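Small disclaimer: the values here were computed from a predicted structure and weren't measured. Proteins come first, then strands; the chains are lettered A, B, ... in the order of their sequence lines, and each starts at number 1.
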Amino acid sequence: MEVSGHGGSRVRVRLAPSPTGFVHIGNVLVALVDAAIARKFNGAFVIRIEDTDQKRFLEGAEQLIYDSLAWLGIEWQEGPDRGGPFAPYRQSERLPRYLEVAEQLVAQGDAYRCWCSPERLDEMRKAQQAAKLPPKYDRLCLGKSETERQAFGGYTERSVVRLRMPDTGHTTFTDPIRGEMSFENALLDDRVLLKSDGFPTYNLAVVVDDHEMEITHAIRGEEWLPSTPAHLRVYEALDWTPPVIAHTPLLLNADRGKISKRKHPWANMRWFQDEGFLPEAVLNYLGNLIAFVPDAENPQQGVARELFGFAEISEHFQLGSIGPSGKVVDLDRLDWLNGQYIRRMALDELARRVGPFMTAAGLDTGNPIFMGALALEQERLKRLSEAPSVLSIFFREEAYAPEALVPKGVTPEVARQMLDGAISVCEGVAATGEWTAETLEAPFRDLAIALDLTTGKQRGQLFGVVRVASTGRTATPPLFDTMAILGAETILKRLAHARLLLAGLGV
RNA sequence: GGCGCGUUCGUCUAGCGGCCUAGGACACCUCCCUCUCAAGGAGGAGACCACGGGUUCGAAUCCCGUACGCGCUACCA
């Protein structure tokens, strides 16, 4: 039914990005839908570059698209980068074909030349809006030769080609995601198909390319919904069979507005990578928006499996099951997913992924205690980018306020006693040559008893003093593990320094 | 202004006429564990299924209005 057929031919989908800047996260969502459907039906996923806008073209933007998809592990089978049976895959390389089709449409009377100046069109639209009329071209040029048209105002020499929409009736189609869609033809605009520079607009190029590349399912963002009737009109005028056309939901901000790059850096796909999200977490997150994966181990109704990869996404994917409403991007959930993947990851793999972030922060991952320290932080990390700040205590002593050495409910004198006790315990353990979490913990517990600290809270105060003295922080991995990793020499040095700081407080 | 689409806990989502006094997840709160921070475990709060009409023995589920939100409204995609 919904995706099996298009004359029984093999499923072919395409992503049609324009190389005009960074890769928008919304495009990535569409790409995932494309890849999932292609995989599910053993079809082909094609990347086609829509570079018909010469003004907005940006060098390098095309490569960003490949990089983003590759980073996420989304695979495509045909594209400008790897060729394929329907080359070329860049629209700028197919110009003659668009011209040919445009001329055919004009010859048939389904399209017409228009010499109206941008100024005239602008005034026209303003007047229409003021008069509360539907905004659409008033067809001044329709049925006129260039000479005839020159007699009227707002003429320019360079013409465009406009699609002639029907005057009556409705254009209806079935969007597998949204159901029956219907538009009243009389209210639709005669859109430009061919620009005065000889380049097609998206509205022409998309139809020609989808047809010639034998695309069976045209999947795109909801923002394209209003232009679908025009595309269908072109298919009809050319006597071509249109693909199934589906419009995916938009990605929104917390305020339910369209995601904007100014206020929301995560509009840019690259942000996720820079921010330390794992590609598998991002893919999982987006997958949650387009597929429901039931929990096999908990087969009650409505219980979902939360962690899954591309295989599960494509297996459970159905166009008709995508919710059509806009999706608010929930970074809290992404953080949680990311943490889940980080915790499940092998330590050396995590070390590899965290490497660039450490290096960028000037921390040497060749340091012998790096792996041990990372192991302690693994279950505490949400984003890879947090690694340098939490791991830096293992690499260097950091400044802290002397007052931090005095826990709440403890006098400076008592804090000093605690620290003095800690120093002698550490000296004792260091002397044995057996400096481990285990050999440290027992004597520290004895110290607590010796200082008459019997409750958990009191022990916490003692350990708190030692924690700050050892790391400069109040929140760290378990104290004795941390001390063991740092080593006797470093700890004794830091404790001695802490003692000096306390002395500075008058104790 | 015109057109179109959308509307189940704050967010994502299950639900596709009776199993729903609406299930799960994130976030939030409490407790347990505990040397801090996490992680983990156990609970909790949170949705009159936008509102109003129908259809039906029966509606979150079907239909129609209304409201609100969003998108489009370029010789950009």
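Relative to the side chain of A/Y202, the nucleotides B/A77, B/C26, B/A39 differ in distance, and B/A77 lies closest. For A/V303, the side-chain atoms get nearest to B/G23 when compared with the rest of B/U36, B/G23, B/A77.
A salt bridge does not link A/D197 with A/R158: none of the charged nitrogens is closer than 4.0 Å to a carboxylate oxygen. Salt bridge A/R120/A/E123: absent, no basic N to carboxylate O contact under 4.0 Å. Between A/E50 and A/R48, at least one side-chain N (NZ, or NE/NH1/NH2) sits under 4.0 Å from a carboxylate O, which counts as a salt bridge.
A cation-pi arrangement is present between A/R162 and A/Y137, with the terminal nitrogen or guanidinium carbon under 6.0 Å from the aromatic centre and inside a 45° cone about the axis. Annotation: cation-pi pair A/K382/A/F277 absent, no NZ/CZ under 6.0 Å from the ring centroid and within 45° of its normal.
Across all strands shown, B/C33 remains unpaired; no Watson-Crick or G-U wobble contact has both distances below 3.5 Å. Base pairing of B/G46 is not made with any nucleotide, judged by Watson-Crick or G-U wobble geometry with both donor-acceptor distances under 3.5 Å.
Between the P atom of B/G2 and the CG atom of A/L187 lies a distance of 11 Å, rounded to the nearest Å. B/G24 atom P lies 20 Å from atom NE2 of A/H316, rounded to whole Å. The CZ-P distance, from A/F292 to B/C16, rounds to 12 Å in whole Å. Atom pair A/E306:CD and B/C26:P shows a separation of 7 Å (rounding to whole Å applied).
B/G69 and B/U11 have their P atoms separated by 15 Å, given to the nearest Å.
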Query raised in the report: Reading nucleotides 68-75 of chain B 5' to 3', which nucleotides get B (base under 4.0 Å from a protein heavy atom), which S (sugar-phosphate only), which -?
Result: --SSSSSB
Report summary line: Per-nucleotide protein contact along nucleotides 43-50 of chain B, 5' to 3', at a 4.0 Å heavy-atom cut-off (B base, S sugar-phosphate only, - neither), is --------
